[in-house]
Amino acid sequence: MGPMVLAQEGAPDFPVLTALVLVPAVGAVAVALIPRARAELHRGVALLFSSAAGALAIYVLAAFDKNDAGMQFEVNRSWVADFGISWHLGVDGISLFLVVLTGVLFPLALLGSTPSHDAKPYYAWLLLLEAGCLGVFVALDLFLFFVMFEIVLVPMYFIIGGWGYARRVYAANKFFLFTMFGSALMLVGIVALAYLNRDAVEDHNRAEAAELLAEQGDQQAVPPAVQQRVDELQADVPLSFDLVEIAEGRTVTDNSAGANPFDWAAARWIFLAFVLAFAVKVPLFPLHTWLPDAHTEAPTAGSVILAGVLLKLGIYGLLRFGLYLFPDAASFFAPALVTLGVIGIVYGAIVATMQPDLKRLVAYSSVAHLGFIVLGIFAITTQGLQGGLIQSVNHGLSTGALFLLVGMISERRHTREIAGLRGLQKAAPVFAAVFTVVMMSSIGLPGLNGFVGEFLVLIGSFLTRRWWAVVATTGVVLAALYLLWAYQRVFHGEPDEENRHFPEINWREGLVMAPLLALIVFLGIYPKPVLERMEPSVDRLIEHVEANSDYKEPPVATEGPLVTAGDEARDQEAGG
Amino acid sequence: MIGILGSLAQPLPVDPVPIERPGVDWGALAPMLVLVGGALALMLASSFVSSRRSNVGYTIFTCLAGLGAIGAAIPLWIEVTDDERGPFSTLAGSVGVDGFSTFVTFLLGAAVVLAALFIDDYLRREQLEGVEAYVLLLLSATGGVIMAHANDLIVLFLGLEVLSMAAYVLAAMHRRRVTSQEAGMKYFVLGAFSSAFFLYGIAMIYGGTGTTNLVTILETFSTTALTEDGLILAGLALLLVGLGFKVAAVPFHFWTPDVYQGAPSPMVAWMASGVKVAGFAGLMRVFDVAFTAYAVDWQPLIYAVAVATMLVGAVLAVVQTDVKRMMAYSSISHAGFILVGVQAATDQGVEAALFYLATYVFLVAGTFGIITLVGRRGDGHHSLDDYRGLGRSRPVLALVLALFLFAQAGVPFTSGFFAKFYVINAAVNAGSTWLAAVAMLSTVIAAFIYLRIAASMYMADPPATPAVGARDVSAGPGESAAAPRIAIPAGATIALTACVIVTIGAGLWPGSIADLARDAVPVLVTFG
């Protein structure tokens with residue numbers, strides 16, 4: 001679709017989101033076209049394109065209007081007209097920071113690790129992966145979203161399978177099949193939803209047409225204006241895959257929010273098809289078994305992206321295509337999802353404690369952290385949602401950084417076994433200090449970013465899911481247990497012969513870690529810029545859920561952690 | 001006695017009633033004539049040229065015949081899609097020309113060209129030079145085109161037999177390999193059985209309706225309802241057996257893995273593309289058009305067959321180690337997916353099935369084309385291990401195969417994704433949501449084998465070079481004596497390029513093919 005979209009870029013407004021998705025894709029092609037002999041160019045070109053995408057993401061952040069709860073930078077072009085499929089992109093407070101996270105993390109992951117062999121396909125796949133991930137976060141068309149969600153599998157499959165560790169083929173296959181299994185049913189769900197929506201709109205329109213005609217009384221002398229309206233209403237409704245249209249209800253007459261017209265019983269089944277896809281990706285408790293294998297066997301950059309970005313595709317899906325699209329079904333199934341999330345928190349933490357392999361430990365810690373995020377989201381409160389979202393960003397930063405550090409250890413020592421590492425603090429104190437900060441962020445130490453997210457999640461879920469929140473709190477304690485214990489075994493003590501010459505962090509690694517550390521500290525001390533951009537959209541989402549289901553947010557939660565301009569705007573709106 | 005003879009010799013007292021001869025619209029028959037004429041001309045010409053070096057000439061001629069059939073069909077396409085003129089029939093209503101038959105002719109023409117390009121190098125490599133393969137290929141395609149145009153069950157049967165007879169011999173084409181002979185024999189014996197079933201089905205339909213003409217059948221059922229329709233139902237079931245055999249639907253699939261494995265690889269490319277397209281053309285013509293009145297009766301039947309075909313194909317593919325057998329089972333699974341479109345019994349379903357077939361022709365022909373190349377001399381390197389390290393030794397070839405495999409798995413931005421999407425759409429719109437769900441699950445199961453092949457190509461090291469021996473001296477660096485470097489001849493390059501263009505093109509702009517498929521919804525045209 002590349003050339004087609006480019007050809008349409010004559011529009012006066014620069015379609016920054018289209019560019020955001022296409023820049024890495026073009027980069028992938030560019031890397032693929034550089035001959036193998038010019039090996040030195042591959043890395044540079046890949047870095048250039050991913051940095052360009054990162055810069056575009058930062059531009060979106062800078063130009064983002066923080067008082068607007070709706071979609072910004074929208075692009076809407078027809079792609080497959082017969083089926084109402086469009087290239088519809090947009091960003092709001094919910095997707096904004098995931099886009100920025102993706103834009104930032106990819107160049108760092110590229111910079112932070114080098115492939116063991118065959119640099120060219122490695123960089124090409126990574127750039128393609130970036131295009132897919134960004135596409136998922138900005139897609140506002142169900143079909144386009146699915147396409148992006150699916151295409152991500154292929155590059156990740158090759159990255160794990162081609163550049164991973166010993167059991168890479170097994171891990172890659174498992175990753176691909178698990179995720180594809182989840183999304184296979186989602187495609188059926190998407191199609192079923194589109195037809196359901198069309199039929200509902202048609203029924204609604206026909207009923208209204210009949211009403212209009214009945215009002216006229218005399219069938220012979222219908223005024224032309226009314227007749228035209230009736231014809232309009234009786235016309236066939238075209239199929240549409242547009243997310244906003246389907247979620248907010250589409251009728252010819254009223255555009256009132258909450259007119260979501262279709263059969264909720266069927267929608268619950270479709271919701272389950274969607275949730276299955278996202279639950280595999282997140283991953284939720286019983287479907288998580290692909291994660292430790294994929295994370296452990298993937299090369300460092302692969303693990304960073306997997307944990308930092310790919311898991312967020314599932315979280316984002318749950319929010320945008322779960323809560324937003326199926327408010328009723330989501331609040332109906334919320335207890336089950338929250339329960340699975342809490343099981344994940346405790347289970348992930350316990351299993352992480354027992355891991356002999358440092359990378360596997362970090363992988364299982366992801367299961368626990370993602371459980372927190374799911375708990376926050378399906379608490380359906382302002383704080384819970386904000387906490388879940390900010391925790392998604394935090395997890396991307398801190399776990400991404402942890403995987404980078406573990407990758408550095410593994411590069412230096414050619415082992416990731418905790419038993420084989422000892423006393424690294426003596427050999428490399430700066431490295432140990434960096435590791436400590438990142439680890440503390442992951443544990444949730446106040447003052448660092450992890451605390452903000454976990455705290456908001458716990459506040460938010462305490463309001464609606466008290467006992468779940470209580471159990472989840474143990475997860476915070478367990479996180480301290482497994483990470484501190486691992487730290488103690490790896491960094492403390494006297495280094496033995498093999499670990500005595502552990503090299504200190506070098507300038508390139510420092511360059512990679514510095515922005516991550518800066519963000520970890522900044523978000524921990526001053527999360528307001530992030531929260532205030534999220535809040536209008538989060539509030540709007542909750543209002544949408546309340547309007548379309550029996551759910552009511554407890555009054556104490558309606559005031560967010562910050563009273564921002566968004567609230568004032570909302571109050572005015574409510575008043576007017 | 002003499003008197004009788006004498007009276008016969010006498011001119012009849014009344015004026016003889018002129019026998020009404022059916023009109024023959026030669027233009028409408030042009031695609032068939034090009035193919036069958038090409039086959040005969042090729043056979044004739046071959047006796048005048050020395051056989052050793054004329055292989056390339058035969059290939060070019062066959063490709064031209066295939067393209068000629070497409071070219072001959074283009075004016076027909078313009079005519080039948082024109083709103084004022086529309087579909088028409090000829091030969092007393094036994095041959096119908098509509099968008100559907102023309103579209104299928106396009107596909108068969110393309111399949112002929114692809115198969116011929118793959119056969120070219122194969123014959124030279126296996127020292128089997130000769131004109132027979134090309135002639136049989138063209139004849140088989142003629143049968144397929146006849147099936148697509150059939151407006152009468154007898155014509156359908158004629159087409160089926162012409163198609164199959166040639167295909168049986170093609171399967172046995174490798175004279176020196178017992179497996180090829182065995183494949184041909186198996187295909188023939190089982191195929192003959194299925195033809196018998198098909199013929200008996202026609203007889204029953206005739207018994208029930210008094211006609212074999214599909215138009216008359218459709219009209220009969222639109223005006224009358226039979227109180228006793230057991231004969232019709234039995235006939236329909238038997239027709240399903242005959243056509244189900246050709247498209248390799250479960251439970252009529254048992255021949256497929258054996259024949260695909262044993263038959264020469266480029267011939268399998270034809271069987272999996274051309275023969276399958278023709279089989280589905282017949283199936284859709286009979287079930288989705290002529291017997292729409294009985295949709296309530298046959299839909300559950302096809303529903304069950306589709307579920308069984310998809311799942312059996314996918315599950316059994318997973319346990320194979322021979323790539324040709326894997327792809328055979330995978331083609332069974334794809335047939336099941338296309339049946340989902342047939343089962344919808346709507347225009348949208350037929351459209352989706354046609355789109356699927358159109359993209360699948362290129363996917364499967366390309367895949368078996370690469371299998372032919374990797375098979376190397378002797379056509380024997382078909383185990384998963386023979387694909388090890390292909391990503392390193394032949395990166396472009398491996399990438400192309402990976403593209404075809406991922407397209408078959410339904411990965412976005414490839415033709416295979418939209419093919420599945422359209423079928424799912426049709427199924428959901430027809431109310432078969434659960435069938436759509438089963439279809440997608442079968443895709444996931446089948447994806448495993450595509451991943452296995454991809455993993456073998458990219459994630460396993462090339463087979464270890466055997467101990468240095470006298471023969472290794474001749475081999476270049478990095479090549480092992482056991483498996484000489486895979487050659488990629490020009491013909492295959494052209495064919496694979498075409499397949500790649502279609503696969504990616506239809507993945508980005510599906511409208512290009514979908515629009516054609518929409519105009520190709522079959523109709524039945526009354527003779528008049």
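Throughout, a chain's letter reflects where its sequence line sits, starting with A, and its residues are numbered from 1.
Chosen from B:Lys420, B:Gln348, B:Arg452, the residue pairing most often with chain A at heavy-atom distances under 4.5 Å is B:Gln348. With chain A as partner, the option from B:Asp515, B:Val428, B:Leu451 having the largest number of non-hydrogen pairs under 4.5 angstrom is B:Leu451. Note on B:Ile424, B:Val411, B:Asn429: by heavy-atom pairs under 4.5 Å with chain A, the leading option is B:Asn429.
Heavy atoms closer than 4.5 Å to chain B are found in both the backbone and the side chain of A:Asn173. Only the side chain of A:Asp118 has a heavy atom closer than 4.5 Å to any heavy atom of chain B. The parts of A:Tyr157 that come within reach of chain B are both its backbone and its side chain, each placing non-hydrogen atoms under 4.5 angstrom from that chain. Looking at A:Phe83, only its side chain comes within 4.5 Å of chain B, counting heavy atoms on both sides. Interface residue B:Phe448: backbone and side-chain heavy atoms are both found under 4.5 Å from chain A. Contacts between A:Ile85 and chain B at a heavy-atom distance below 4.5 Å involve the side chain alone, from C-beta outward.
Of all non-hydrogen atoms in A:Ile151 and B:Pro412, the two that sit nearest each other are CD1-O, 3.5 Å. A:Met180 and B:Ala447 get closest at one heavy-atom pair: SD-CB, 3.6 Å. Heavy atoms only, all atoms of each residue included: A:Gly161 and B:Met459 are closest at O-CG, 3.0 Å.
A side chain to side chain contact (heavy atoms under 4.5 Å, CB included) with A:Phe181 is found for exactly one of B:Thr443, B:Ile445, B:Val444, namely B:Val444.
Rounded to the nearest 0.5 angstrom, A:Leu187 CG and B:Phe417 CZ are separated by 5.5 Å.
Side-chain contact check for A:Leu239 versus B:Asn425: some heavy-atom pair is nearer than 4.5 Å. Between A:Val80 and B:Tyr422 the shortest side-chain heavy-atom distance falls below 4.5 Å. Side-chain atoms of B:Trp434 and A:Val188, non-hydrogen and from C-beta on, never get closer than 4.5 Å to each other. In this structure, B:Thr433 and A:Trp269 have side chains that are not in contact, with every pair of non-hydrogen atoms separated by 4.5 Å or more.
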Using the rule given for ring pair (Phe, Tyr, Trp, His ring centres under 6.0 Å), can you reason through B:Phe406 versus A:Phe158, listing the C-alpha separation, both sets of side-chain angles and the distance that settles it, and then say yes or no? CA-CA 12 Å; B:Phe406 278 106; A:Phe158 279 107; 5.7 Å; yes
